[in-house]
Participant: 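If you scroll down you'll find the structure; I have some questions about it.
If you read the sequence from its start, that first residue is 1, and numbering goes on from there.
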Amino acid sequence: MTLGSGVDMEAGGAAAGAGGAAAAGSFDDEGRCGGRFVEDWCCACAGLFAGPNPMMARYLYALIFLVTNLLAWTLRDYGNSALDELQRLKICQGARYCLGAEGVLRVSLGCFLFFFVMFLSTVNTRKVHECRNSWHSEWWPAKVVLWLGLTTVTFLAPSPLVQLYGKVAHFGAGAFLVIQLISVIRFIMWLNDCCQSEITRKRCHLQIQVVSIVTYVGSLLGIVLMYVWYAPSPACKLNILFITVTLVLVQLMTFVSMSSKVKAGYLAPGLMGIYVVFLCWSAIRSEPHTEICNKKAAVATSADWVNIASFVIAVIVIVAATFSTGIDSKCLQFKKAEGESEEDDIPYGFGFFHLVFAMGAMYFAMIFVGWNANQTMEKWTIDVGWASTWVRIGNEWLAAIVYIWMMIAPIIWKTRQVGSSAET
């Protein structure tokens, strides 16, 4: 996808989503929002040079992940020129498809192995005084050697093994997308609850109403623009289907949120409307550039500077999405944690952080090859192909279903509890 379509929204949403979801736990009954976020930043700056610093370590892991993405892109777009040299050094051992799409898989495999090793060595870390905190936050020369070593070893792996990893990566990337969208939805719901608190409503009632209306109208305007740009004629049946289903989902989410039993207001469905509309747009943008109904993509391919700038932004937001989702270790905790956190608790789940980065390695491999290692990707493109389109559409529909379920689930559970009490 030339404009980094699918990645843009997900990463932008997840970057806000995971950071906000992590801050959700620090919102109290007095209506204070984001206090923990400021505290974490202060602690990170104050302890920059004072022993193990997990707050600063996460940025270094993100830097490693960014460099890995750039290496995979280099091998995909410019690997053929380096193939002869690598064969001379016997790194590729004469394998014809050592670089290119398979090169992306090899780099991804090395990155996956590195973060999976880190996951196994840091999972269930609870306190900052544990030696595993020191391993997570320090020992950078050893970890850089480990990362480079695992990446190099993957180029000695046989091609069938790499292709098998590519098939497994489909499931890992899918799991990454699910965790990411849950993190985004939890952030939207947290933000909505924050704005619905009594003190916040008194102070910012007008501003909240304006933002709610703007987001809802913005989602409808986005749908109209997609009809104009990507469904210019009745022959574009598939695009019309995608856009129409998105319109139905926006209205359904609004109806559920505004129902008398939920009473969630307009802000949450407005933000979710923007999210699903952007996902629909990214799905259509992922359609092959030969598709006659995707005129915007054809225009984009005619401007090389647009392709390059969009690709760079897309890579950056991939890293941001992985980073922000990784620090939101509570996104899969649907029950409130009992008790308060102690001062010597780790600031985020190390094991979950590395596991998300491991799945993120599978994810960037899939979008670099368009979810199909057998197709040829154009230079400076990302996430293009029908497989990418259907993955994006499935992600959009799943996001709407998860949101609706998270809205009505408390009501269903409460009704069951009342029924059980009545029977007893």
Participant: Is the centre of the F65 ring less than 6.0 Å from the centre of the Y61 ring?
Facilitator: no
Participant: What's the separation between atom CZ in F364 and atom CE in M359, rounded to the nearest 0.5 Å?
Facilitator: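 Taking CZ in F364 and CE in M359, the distance rounds to 14.0 Å.
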Participant: Short question: side chain of R76, backbone of F368 - any donor-acceptor pair under 3.5 Å?
Facilitator: yes
Participant: Taking the ring centre of each residue, are W390 and F242 less than 6.0 Å apart?
Facilitator: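 When the ring centroids of W390 and F242 are compared, they turn out to be within the sub-6.0 Å range.
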Participant: Applying side chain to side chain donor-acceptor pair (under 3.5 Å) as the test, list every pair that has at least one member in residues 108-124; sequence neighbours left out.
Facilitator: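 Output for this query lists S108-Y165, S121-W135.
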Participant: Rounded to the nearest 0.5 Å, what separation is found between the CG atom of L355 and the CZ atom of F176?
Facilitator: 11.0 Å
Participant: Quick one: does any side-chain atom of E130 pair with a main-chain N or O of R126 as donor and acceptor, under 3.5 Å?
Facilitator: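 Between the backbone of R126 and the side chain of E130 there is a qualifying donor-acceptor contact (under 3.5 Å).
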Participant: Under the ring pair (Phe, Tyr, Trp, His ring centres under 6.0 Å) rule, collect the residues that match up with W405, sequence neighbours excluded.
Facilitator: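 W405: no ring pair (Phe, Tyr, Trp, His ring centres under 6.0 Å) contacts found.
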Participant: On the six-membered ring of W139, is K143 placed so that its NZ or CZ lies under 6.0 angstrom from the centre and within 45° of the ring axis?
Facilitator: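 No, cation not above the ring by the 6.0 Å, 45° rule.
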Participant: Within a strict 4.5 Å, meaning less than it, do heavy atoms of the M253 and L271 side chains meet?
Facilitator: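 Side-chain contact under 4.5 Å: no.
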Participant: Going by an N to O cut-off under 4.0 Å, is there a salt bridge joining R106 and E102?
Facilitator: yes
Participant: Judged by atom type as modelled, is there a donor-acceptor pair below 3.5 Å linking the side chain of S257 to the main-chain atoms of T254?
Facilitator: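 Flag not set: sc S257 to bb T254 has no pair under 3.5 Å.
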Participant: Could you tell me whether the side chain of T325 and the main chain of T322 form a donor-acceptor pair under 3.5 Å?
Facilitator: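 No: the side chain of T325 does not pair with the backbone of T322.
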Participant: Donor-acceptor pair, H170 side chain versus W371 backbone, under 3.5 Å?
Facilitator: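 Yes.
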Participant: Applying side chain to side chain contact (heavy atoms under 4.5 Å, CB included) between S286 and each of I367, T389, I393, report the one that passes.
Facilitator: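 It is T389, the one option of I367, T389, I393 that forms the side chain to side chain contact (heavy atoms under 4.5 Å, CB included) with S286.
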Participant: Please confirm whether the backbone N or O of V123 pairs with a side-chain atom of R132, one donor and one acceptor, at under 3.5 Å?
Facilitator: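 Flag set: sc R132 to bb V123 pair under 3.5 Å.
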Participant: Distance from W397 atom CH2 to T246 atom OG1, nearest 0.5 Å?
Facilitator: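 Going from the CH2 atom of W397 to the OG1 atom of T246 covers 8.5 Å.
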Participant: Just by distance, do the side chain of Q251 and the backbone of V248 share a donor-acceptor pair under 3.5 Å?
Facilitator: no
Participant: Is the centre of the F116 ring less than 6.0 Å from the centre of the F119 ring?
Facilitator: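 Centroid separation for F116 and F119: below 6.0 Å.
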